[in-house]
Amino acid sequence: MEPVASATVLSDQEGDERWTPRRNSRCDTPSGCPTGASTRIPVCCATWECSRSGPAGTASSSWDGQVAEHPDEHVTDSWTTLATIAADTERLRLGVMVNVLALKHPAEVARATVTLDLLSGGRLVFGAGLGSSAAEFQALGHDPDPRVRAEKLDEALQVLDGLWAGHPFTFHGRWFTVTDLAFQPVSPQRPRIPVWIAGTWPSRRPMRRAARWDGAFPTRAGLGHTQMMPPSDLEAVVSYVHAQQSIRNRPFDVVMEGLTSGSQQDTDAMVVAPYRAAGLTWWVEKLGWFRGPVELVRARIGSGPPRPANPRADVA
């Protein structure tokens, strides 16, 4: 579960003014950021800071967590962090990867997401997954069994989608119940806030789930923080997801996290190119504690995203 990342779109929208931050200001030192053993909160502050002054083509993404797994670990609230970023920007896309819906009631999430989407002018992307830490579930009195988490996730997504529509909605599942409830206001995005589903490849079930929504965010089992899924694996994910989709040729994003230097443009473009050829539409730069002190993270965000060699080429 990573705290914060900076993402760039690799589709033919790259360079569009919609991705350009509004302000051109910078704080030399992020205020209110503790400097203990964890870099989670400083990284959040660095992302906020650079979202105000960063280059075009970037977006911010905050990873969601409810409890710290270690006593010295700081974890921020994702919605508060993104609301702060949204208030200082006009065009950055905002997202949480991932929301652990199995730990929350979807009605609360529906309110929070629509509120943030309205305040940001329709810039939210909603990411969901099982959650990588069984310790979170145990600490909060929830069943950590992945099968139970998957059932809760699927039900919660149905409830979320139903409440987002703004019409009277009824749902009776094993874990969640909603009776004739209509939520207003609704998101300015149509048909809804985009939903990206995260999952660990080669597990097929999360990718089947992703095929029913608006995007897939695969990771690879067994990889460390500084390792990346090989392009051949991403190509296999894209092929599998497309085969599962009942409606073809609709907008669908493929998202992956990786590492680039930010200082060697040609080399960075070569790193991204095979993933883009495999169908990648969003590159998420890994910016966790493993990248070093917060000053290095700030510098990496400030240098901007990796630029594809041919940014206007079509992407599958």
Using 4.0 Å as the upper bound for N to carboxylate O, is an ion pair formed by Arg209 and Asp154?
yes
What are the two closest heavy atoms between Leu101 and Ala128, and how far apart are they?
CD1-CB, 4.2 Å
Please answer: with hydrophobic residues joined when any side-chain heavy atoms are less than 4.5 Å apart, are Phe169 and Trp164 in the same cluster?
no
Determine whether Ile193 and Leu119 fall in the same hydrophobic cluster, where Ile, Leu, Val, Met, Phe, Trp and Tyr are linked whenever their side-chain heavy atoms lie under 4.5 Å apart.
no
Start with the C-alpha distance between Thr113 and Trp79, add both sets of side-chain angles, then the distance that settles side chain to side chain donor-acceptor pair (under 3.5 Å), and finish with yes or no.
CA-CA 8 Å; Thr113 49; Trp79 303 118; over 6 Å; no
Judged by atom type as modelled, is there a donor-acceptor pair below 3.5 Å linking the side chain of Arg208 to the main-chain atoms of Gln244?
no
Given side-chain contact (heavy atoms from CB on, under 4.5 Å), test Leu163 with His167 step by step and report yes or no.
CA-CA 7 Å; Leu163 293 176; His167 307 301; over 6 Å; no
What are the two closest non-hydrogen atoms of Phe137 and Ala102, and how far apart are they?
CE2-CB, 3.7 Å
Looking at Arg204 and Pro202, would you say the former's side chain and the latter's main chain have a donor-acceptor pair under 3.5 Å?
yes
Are the side chains of Trp283 and Thr260 in contact, using a 4.5 Å heavy-atom criterion?
yes
Does Val195 reach the side chain of Ile197, with side-chain heavy atoms less than 4.5 Å apart?
yes
Charged N-O contact under 4.0 Å between Arg192 and Asp214:
yes
So how far is it from Asp145 CG to Lys152 NZ, rounded to the nearest 0.5 Å?
10.5 Å
Contact between Leu94 and Val125 at the side-chain level, heavy atoms closer than 4.5 Å - yes or no?
no
Looking only at heavy atoms, which two atoms of Leu160 and Pro106 are closest? And how far apart?
CD1-O, 3.5 Å
I'd like to know whether Arg123 forms a side-chain contact (heavy atoms from CB on, under 4.5 Å) with Thr89, so could you lay out the CA-CA distance, the side-chain angles of the two residues, the decisive distance to 0.1 Å, and finally the verdict.
CA-CA 10 Å; Arg123 292 184 281 142; Thr89 60; 2.9 Å; yes
Please answer whether the main-chain N or O of Met229 pairs with a side-chain N or O of Tyr275 as donor and acceptor at a distance below 3.5 Å.
yes
Quick one: does Leu116's side chain get under 4.5 Å of Leu82's, heavy atoms only?
yes
If you apply the rule side chain to side chain donor-acceptor pair (under 3.5 Å), what do you find for Thr281 with Arg276, and how did you get there?
CA-CA 7 Å; Thr281 61; Arg276 191 165 183 266; over 6 Å; no
Please check if the side chain of Ser203 supplies one atom and the backbone of Gly199 the other of a donor-acceptor pair under 3.5 Å.
no
Roughly how far, to the nearest 0.5 Å, is CZ of Arg205 from CG of Leu130?
8.0 Å
Salt-bridge criterion met for Arg220 and Glu257 (N-O under 4.0 Å):
no
Determine the interplanar angle of the His225 and Phe290 rings, folded into 0 to 90°, and report it as parallel if under 30°, tilted if 30 to 60°, perpendicular if over 60°.
parallel
Partner set under side chain to side chain contact (heavy atoms under 4.5 Å, CB included) for Asp266, not counting sequence neighbours
none
Check: Leu118 and Ser187 side chains under 4.5 Å, non-hydrogen atoms:
no
Counting distance only, does the side-chain N/O of Arg111 pair as donor-acceptor with the main-chain N or O of Glu108 below 3.5 Å?
no
For Lys286 against Arg291, the heavy-atom pair lying closest together:
O-NH1, 2.7 Å
Below 4.5 Å, heavy atoms only, C-beta onward: do Trp175 and Val148 meet side chain to side chain?
yes
Report the C-alpha separation of Arg212 and Ser246 in whole Å, then their side-chain angles, then the decisive distance to 0.1 Å, and conclude whether the side chain to side chain donor-acceptor pair (under 3.5 Å) test is met.
CA-CA 8 Å; Arg212 301 194 295 269; Ser246 57; over 6 Å; no
Do Val238 and Met228 belong together in a cluster built from hydrophobic side chains that touch within less than 4.5 Å?
yes
So, for Trp213 and Phe126, is the gap between ring centers shorter than 6.0 Å?
no
N-O pairing of Arg174 and Glu155 below 4.0 Å
no
Taking all atoms of both residues into account, what is the closest heavy-atom pair of Pro206 and Thr200, and its distance?
CG-N, 4.2 Å
Treating Ser261 as the side-chain partner and Ser263 as the backbone partner, does any N or O pair qualify as donor plus acceptor under 3.5 Å?
yes
Can you tell me how far apart CG (Leu157) and CG (Asn99) are? Round to the nearest 0.5 Å.
9.5 Å
Does a side-chain heavy-atom distance below 4.5 Å link Arg300 with Glu285?
yes
Same cluster for Leu280 and Tyr240 if Ile/Leu/Val/Met/Phe/Trp/Tyr side chains link at under 4.5 Å?
yes
Pair Asp180, Thr170 - check side chain to side chain donor-acceptor pair (under 3.5 Å), show working.
CA-CA 5 Å; Asp180 196 28; Thr170 295; 4.8 Å; no
Might you point out which heavy atoms bring Asp117 and Leu124 nearest each other, and give the distance in Å?
OD1-N, 2.9 Å
With a 4.5 Å cut-off on side-chain heavy-atom distances among I, L, V, M, F, W and Y, is there a chain of contacts connecting Leu223 to Val237?
yes
Taking the side chain as everything from C-beta on, heavy atoms only, tell me whether Arg250 gets closer than 4.5 Å to Gln245.
yes
Hey, could you give me the OG/CD distance between Ser303 and Gln265, rounded to the nearest 0.5 Å?
10.5 Å
Against Trp196, only a single residue in Phe252, Trp282, Phe217 fulfils ring-ring contact (aromatic ring centres under 6.0 Å, His included); can you say which?
Trp282
For Gln227, what residues pass the side chain to side chain donor-acceptor pair (under 3.5 Å) criterion, not counting sequence neighbours?
none
Kindly write out the residues that satisfy side chain to side chain donor-acceptor pair (under 3.5 Å) with Gln138, not counting sequence neighbours, or none if the list is empty.
none
